[in-house]
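What follows is one structure encoded as structure tokens, with my remarks underneath.
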Amino acid sequence: MDILVLLAPNQANEEHLRILADATQLFSDCRFRAHLHQCGHASEVKQLFAFWSQPVALFFSRA
């Protein structure tokens, strides 16, 4: 089972919906999920998101 938590402030604009849509596309890719399941540390997960998809990489690079 894969779980994604997205925290957004109350005053968040539409950007959080775009981020969620991008992440949903990633999780629908069986190759992405296979790589995700092979990650052993949070830093590997962050790196996977950063290199797999440019829109999501822009969000995670701010973290």
Side-chain angles (χ1 to χ4, degrees):
M1 176 189 303
D2 299 316
I3 298 173
L4 174 69
V5 176
L6 178 64
L7 302 175
N10 287 339
Q11 69 275 15
N13 56 19
E14 300 284 325
E15 184 179 11
H16 71 286
L17 296 176
R18 182 193 53 79
I19 294 167
L20 185 57
D22 290 343
T24 300
Q25 286 190 1
L26 288 176
F27 278 90
S28 67
D29 184 333
C30 62
R31 293 173 301 139
F32 174 82
R33 288 193 322 273
H35 281 87
L36 182 64
H37 295 163
Q38 292 175 0
C39 292
H41 295 71
S43 61
E44 294 172 342
V45 173
K46 182 179 178 182
Q47 204 169 26
L48 179 64
F49 272 93
F51 290 109
W52 200 272
S53 171
Q54 186 60 31
V56 174
L58 291 174
F59 169 72
F60 281 100
S61 67
R62 294 184 216 151

Quick one: pull up CG in Leu4 and CD1 in Ile19 and give me the separation to the nearest 0.5 Å.
10.5 Å
Would Leu7 and Leu17 show up in the same hydrophobic cluster when neighbours are defined by side-chain heavy atoms closer than 4.5 Å?
no
Electrostatic pair Arg18-Asp22, nearest N-O below 4.0 angstrom:
yes
Minimum heavy-atom distance between Glu44 and Gln38, given as atom pair plus value
OE1-O, 4.4 Å
For Trp52 versus Leu26, what's the shortest heavy-atom pair and its separation?
CD1-CD2, 3.2 Å
Who pairs with Ala8 by side chain to side chain contact (heavy atoms under 4.5 Å, CB included), at least two apart in sequence or on another chain?
Ala12, His16
Can you measure from SG (Cys39) to CD (Gln47) and round to the nearest 0.5 angstrom?
8.5 Å
Tightest non-hydrogen contact, residues Leu36 and Phe27, listed as CD2-CE2, 3.6 Å
For the NE2 atom on His37, are there more than 12 heavy atoms of other groups (residues, nucleotides or ligands in this structure) within a distance under 6.0 Å?
yes
